[in-house]
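What follows is a short report on a single structure.
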Number of protein chains: 2
Amino acid sequence: MYEGVVQDLIDELGRLPNIGPKSAQRIAFHLLQADPVDVRRLADVLVRVKETVRFCELCGNVASAARCRVCLDPRRDPTVLCVVEESKDVVAIERTREFRGRYHVLGGAISPIDGVGPDDLRIRELMTRLADGSVTELILATDPNLEGEATATYLARLVKPLTADGALRITRLASGLPVGGDLEYADEVTLGRAFEGRRSLDV
Amino acid sequence: MYEGVVQDLIDELGRLPNIGPKSAQRIAFHLLQADPVDVRRLADVLVRVKETVRFCELCGNVASAARCRVCLDPRRDPTVLCVVEESKDVVAIERTREFRGRYHVLGGAISPIDGVGPDDLRIRELMTRLADGSVTELILATDPNLEGEATATYLARLVKPLTADGALRITRLASGLPVGGDLEYADEVTLGRAFEGRRSLDV
């Protein structure tokens with residue numbers, strides 16, 4: 001319907017998550033009328049983000065160097081490891097200031113319907129981190145929905161042999177998080193309480 | 001909360017219309033994990049759109065040359081002029097295939113609350129186009145909401161002197177459009193019927 005490049009822009013915007021065709025059109029027209037400097041800045045940051053942002057070689061979190069800020073921080077407790085699905089979950093948890101351990105970012109959750117199996121997640125890297133026995137508590141902080149629960153159960157079973165001598169405790173965030181929702185949408189207080197009340201997982 | 005450039009990206013995305021902080025974060029993480037080629041294509045189209053897209057010197061519609069496709073089309077009836085708020089309204093009307101005249105894009109509607117007055121719209125350009133008397137019908141197709149109605153009333157009063165000798169008829173799209181909504185969201189049939197049933201405006 002639109003002339004060349006305007007339609008291209010609408011198409012590209014429509015490929016982003018949560019942006020339907022009407023939103024894409026609205027954003028495109030906003031950009032058409034916006035100050036070229038502002039649009040240039042958005043274009044630049046898109047290029048820059050792909051050039052500079054990496055994923056921490058240890059935990060998989062977003063990083064601007066080989067390791068992320070949490071992994072580089074010597075004050076973080078290396079004996080408590082919190083497993084989350086995504087980097088944005090790290091940010092949500094950091095915001096509560098309840099947690100002083102380290103993270104492991106899986107890169108998603110097990111979801112057969114989306115074709116995501118255990119091999120698509122950073123589970124082998126997790127097992128490597130647990131191998132030296134320095135971690136004494138593993139918090140499974142995957143989302144409190146179907147895929148997150150399935151992933152937590154899968155991990156709990158996988159890690160169970162390491163708990164035999166009492167050297168490792170596996171915990172799951174307390175309920176209190178609304179079931180069926182996404183961890184990233186929880187408010188600080190709810191998420192903080194869920195951390196305080198985390199319970200041992202029976203497998 | 002995020003490291004440098006990731007936060008910059010979230011901030012830039014959050015400045016776009018209809019994108020709240022959570023959506024901005026979700027889109028940013030989608031882009032972080034996306035193929036660099038796809039992100040590059042989005043960045044490129046943003047730059048290209050600002051470099052190549054112009055506004056038609058005659059009607060104010062989006063154009064890739066000095067004049068837009070409608071103004072360049074010799075088959076379009078120059079005696080019927082349809083006044084709309086935005087270029088996206090032109091697209092919505094073109095989709096109905098009901099209208100064979102030409103357009104005039106105001107660039108918005110009168111809205112004191114947003115600080116938009118008549119001088120901020122392309123009203124002087126409209127009066128210039130009407131000056132030679134070649135237009136015999138002026139369709140005021142501003143949005144059927146408060147600002148759009150106010151703009152239509154303002155224009156009708158301004159243009160009224162030209163209607164004295166019967167040379168110009170002023171019309172407004174028929175009701176049938178849901179009141180309080182945006183013209184761009186109307187479906188083709190509703191908008192087409194509104195065109196068919198357009199009525200003279202008494203001022």
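Below, all heavy atoms of this structure are taken into account, side chains as well, without hydrogens, waters or symmetry copies. Predicted model only: the values in this text are computed from it and were never measured. Numbered from 1 within each chain, the chains take letters A, B, ... in sequence-line order.
B:Glu12 has its side chain within reach of A:Arg41: a pair of non-hydrogen atoms, C-beta onward, lies under 4.5 Å apart. Annotation: side chain of A:Val45 is not in contact with side chain of B:Asp11 (no heavy-atom distance under 4.5 Å). No side-chain heavy atom of B:Val5 sits under 4.5 Å from any side-chain heavy atom of A:Ser64.
Smallest separation of non-hydrogen atoms from A:Lys50 and B:Leu31: NZ-O, 2.7 Å.
For the set B:Thr52, B:Leu32, B:Val62, B:Val53, the entry with the most heavy-atom pairs within less than 4.5 Å of chain A is B:Leu32. Among the candidates A:Ile27, A:Asp44, A:Val6, the residue making the largest number of heavy-atom pairs closer than 4.5 Å to chain B is A:Ile27. The most heavy-atom pairs under 4.5 Å with chain A, out of B:Gly4, B:Ala34, B:Ser23, come from B:Ala34. Annotation: maximal heavy-atom pairing with chain A below 4.5 Å, among B:Arg40, B:Glu86, B:Lys22, B:Gln33, occurs at B:Lys22.
Here A:Asn18 contributes atom CG and B:Gln25 contributes atom CD; the two are 11.5 Å apart, rounded to the nearest 0.5 Å. Between B:Arg26 atom CZ and A:Leu16 atom CG the span is 13.0 Å, to the nearest 0.5 Å. Atom CD1 of B:Ile10 and atom NZ of A:Lys88 lie 9.5 Å apart (nearest 0.5 Å). A:Ile19 contributes atom CD1, which lies 9.5 Å from atom NE2 of B:His30 (distance to the nearest 0.5 angstrom).
A search for salt bridge (charged side-chain N to carboxylate O under 4.0 Å, His left out) contacts involving B:Glu51 returns nothing, not counting sequence neighbours.
Checking each of B:Leu42, B:Val47, B:Leu13, B:Asp8 against A:Leu42 for a side-chain contact (heavy atoms from CB on, under 4.5 Å) leaves exactly one that passes, namely B:Leu13.
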